[in-house]
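Since the structure comes first, as structure tokens, the remarks are kept for the end.
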Amino acid sequence: MGILDGLNDKQYEAAAHVDGPQLIIAGAGSGKTRVLTHRIAYLIDACDVNPYNIMAITFTNKAAGEMRERVDRMGCFGAESVWVMTFHSTCVRILRRYIDRIGYDTNFTIYDSDDSKSLMKAVFKKLKIDPKFLKEASVLREIGRAKDELLGPTEYEEKYMADFSKRQYVECYKEYQTQLRNNNALDFDDLIRMTVYLFKDCPDVLDSYQERFKYIMVDEYQDTNTAQFELVRLLASKYRNLCVVGDDDQSIYKFRGANIMNILNFEKVYTDAKVVKLEQNYRSTPAILNAANAVIQNNKGRKDKALWTDREEEELVKIKKFPTGLDEAREVVAEMCKRNSKGIAPFGDNAILYRTNAQSRVFEEQLVREGVPYKLVGGVNFYARKEVKDLLAYLKAIDNAKHDLQVKRIINVPKRGIGDTTVQKVQDFADDNRMDFYEALTLAEQIPGLNKAAAKLVNFTEMISHFRETLREKGIAATFKELLADTAYEEEIIQADEENSEDRLQNINELFSKVVAFEEENPEGTLSEFLEETALVSDLDSLDENVSAVTLMTIHSAKGLEFPSVYLVGMEDGVFPSYMTINSESEEDLEEERRLAYVAITRAQDRLQISYATSRMIRGETQYNPKSRFLREIPAKYCEGETGAGDDYTAAKTSTYLGTATRSKAMDELHANPYALKPGFVPKKRQGLYGNKSVSQSKPVTFQTGAALAVGEKPAYEEGDRVRHIKFGEGTVFSIVKGPRDYQVTVDFDQAGRKIMYAAFAKLQKI
DNA sequence: CGTACTAGTCTTTTT
DNA sequence: GACTAGTACG
């Protein structure tokens, strides 16, 4: 039978195992997705399993999407009815149907971390807790941890009854959960937890899902937390056809509750489990693989394994040392430019990986300066940006007036003279009369003490109900358009005229495109369904591999991805491993960090460069850190360039930089002033304690930015013209349309694709 | 009620 | 250094 042809022996063994529990230990790059998809095909075609009875669970939407695509491509009959989803979306799906069985309304809302934080603030206020004494974030972290461990407020209280120091956490947790329930809302962690409760409380519901999911597969099993483990255990307990895939060496989410014991103890929980190890790596060169193995071998609690490859040796791992973080960024970008122009590697082959998001900035600045296209993953999630959240809040308020938090968010955005005191009066009235905030708003004229504000509130509710009418009659996109027009939201951004105005307008356009796309794809789709889609996506999900641009992201985000050429930067003790783990004295924390290093190294296919800097600006101060201990763990025989230990400043001391440090401000200047970077512009030299050889070599920028137009002024280019943009590079003007306030220009960029922008902000240059 | 300034926090990673 | 929340003042 041909379904499993082309798999190696181990892969075959794993894919052909059908009944009973199975643990697949899949090393980095060992083809685990391949095994999973082939196993699904095997179940359907060779074992006559109904595709409807197969479930594959992943952590990210991106992984789910890829799996979906590959399953569909196997071409098995009925493959589209295989359930391929993330943990979170699976739970939402189940809860929307059955959560009323445990006392919630099925049209519950999902709170993101921002919402949770606002709610916690309200909790503090109510309990009269001084935020200086206790941090909202730390309480939320504690609650999240409790929820990951399936401890509700009551269980949590019981467990820590004797612990006086947890007293306030208990109070906060109880109040927080009460308020969530009052708002008919669930936070992220509740999604999993409530599904587990539902299954435990309602055996008939559990049974129906056990009958549905007779064959269960879990990807990235090493990242499961206790709640997720329990969820899977319950679902699989009837038929016991549970196949989990993971790699204990890539467990890097302990801080989020992941319990590495779930994978290490799998064989103890399922004593009859079949265990298969995939150790052949199809991704990296021997040098890269050996380096990775050498590092991870320093960890103790791990399943014994060693990846191998039959690839030919090509290049050794490159180790580079730089005087400063700025030099590092400059040289890395220069190297990529060189390799690109020589035709060795297009920009899209490269990834820059770092420990923390904050490290991306220097690289961004250099990439912008050199006109290199790049994709930045992480930082602020698209749906978490202020303007996007504002507009989504409008849509949520239009969709369902019970979204108190959302209504309050936008009641005075843009400014319409409704202040905190007014809001508080309305809230008090609502509390006294036991009604929703929005309901109270509609009765503004009956609320005592509002005076002039009442009329403003009436205007607001009338506007919302008008939008509701539009929604019913003309659909989501039309409502969105009207929303923009009536609230003059964009005008406010244009008027404020901040340096990121253009980005913000662009985000609005992007959100609008998403609305339009949703409506086109789901002609019958409701606004609620659209909003649901936006609740569970991350920045990573939008990463487009078809665009040839350098990728910048944290190592965490890079898990599961691969790149021909990887630059692993900031390899210094105190940066990576982070300051926190070095000081924590806990060997476990350091081991988690080492696994992170392992993940980073194994992302590289053909070429890996690891670099560190003697001094580096962190949070406004210059730090001198020694080379990373992980770097020292790589034997010199796999490397070229700087190797060995102890060739640099080893006393990890911190000192504040003297003199006026001229931090590179390329980005800021580009946004603030279109003339800031003229060809030939050379940044001010940075004079530090260390001689800085490369500063004076700074190349002129490769592009010129266009002049700023006044809002509404006709641009100097026409349809069909070739133009250049600061960020997106070159493109062709598709259309120029005169909008109500300004010309809207649509450009098809060679790299970045089609963008719609306002002429006054785009600063396009005809070429 | 809105604005302008100040002080404090953040930085480990995020579905 | 950058962002945010909080405060004082008009």
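Naming: A, B, ... by sequence-line order, numbering from 1 per chain.
A:E136 has its CD atom 13 Å from the C1' atom of B:dG8, to the nearest Å. Between the P atom of C:dT4 and the NZ atom of A:K389 lies a distance of 13 Å, rounded to the nearest Å. When rounded to the nearest whole Å, the span between CZ of A:R616 and C1' of C:dG1 equals 15 Å. The distance from atom CG of A:L191 to atom C1' of B:dT14 is 15 Å, rounded to the nearest whole Å. In this entry the distance linking CG of A:D114 with C1' of C:dC3 reads 13 Å, nearest Å. Between the OH atom of A:Y111 and the C1' atom of B:dT14 there is a distance of 21 Å, rounded to whole Å. In this structure, NZ of A:K125 is placed 13 Å from P of C:dA5, rounded to the nearest angstrom. As rounded to whole Å, 18 Å separates atom P of B:dT13 from atom CZ of A:R595.
The salt bridge (Lys or Arg N to Asp or Glu O under 4.0 Å) check on A:E587 picks up nothing, with sequence neighbours excluded. Checked against salt bridge (Lys or Arg N to Asp or Glu O under 4.0 Å), A:K62 has the following partners two or more places apart in sequence or in another chain: A:E66, A:E545. Applying the salt bridge (Lys or Arg N to Asp or Glu O under 4.0 Å) rule to A:E533 yields no partners; only residues at least two apart in sequence or on another chain are considered. Contacts of A:R416 classified as side chain to side chain contact (heavy atoms under 4.5 Å, CB included), with partners at least two apart in sequence or in another chain: A:Y394, A:N412, A:P414, A:I418, A:F460, A:M463, A:T487. With sequence neighbours excluded, the residues forming a ring pair (Phe, Tyr, Trp, His ring centres under 6.0 Å) with A:F199 are A:Y209, listed by chain and number. With sequence neighbours left out, the side chain to side chain contact (heavy atoms under 4.5 Å, CB included) criterion links A:F188 to A:H88, A:L191, A:L536.
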Atom pairs, protein N/O to nucleotides 2-4 of chain B N/O, distance under 3.5 Å:
{"residue": "B:dG2", "atom": "OP1", "partner": "A:G417", "partner atom": "N", "Å": "3.1"}
{"residue": "B:dG2", "atom": "OP2", "partner": "A:N412", "partner atom": "ND2", "Å": "3.4"}

Atom pairs under 3.5 Å: protein N/O with N/O of nucleotides 9-12 of chain B:
{"residue": "B:dT11", "atom": "O2", "partner": "A:R619", "partner atom": "NE", "Å": "3.3"}
{"residue": "B:dT12", "atom": "O2", "partner": "A:R355", "partner atom": "NH1", "Å": "2.7"}
{"residue": "B:dT12", "atom": "O2", "partner": "A:R355", "partner atom": "NH2", "Å": "2.6"}

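Of the C1' atoms belonging to B:dT11 and C:dG6, the separation is 22 Å, rounded to the nearest Å.
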For residues 119-127 of chain A, run the donor-acceptor check on the side chains, cut-off 3.5 Å, and write out each pair with its distance to 0.1 Å, sequence neighbours left out.
{"residue": "A:K126", "atom": "NZ", "partner": "A:E175", "partner atom": "OE2", "Å": "3.4"}

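Across all strands shown, A:S113 has no heavy atoms under 4.0 Å from either base or sugar-phosphate atoms.
Here A:F322 and A:Y612 keep their ring centres 6.0 angstrom or further from each other. Aromatic ring centres of A:Y354 and A:H556 lie farther apart than the 6.0 Å criterion allows.
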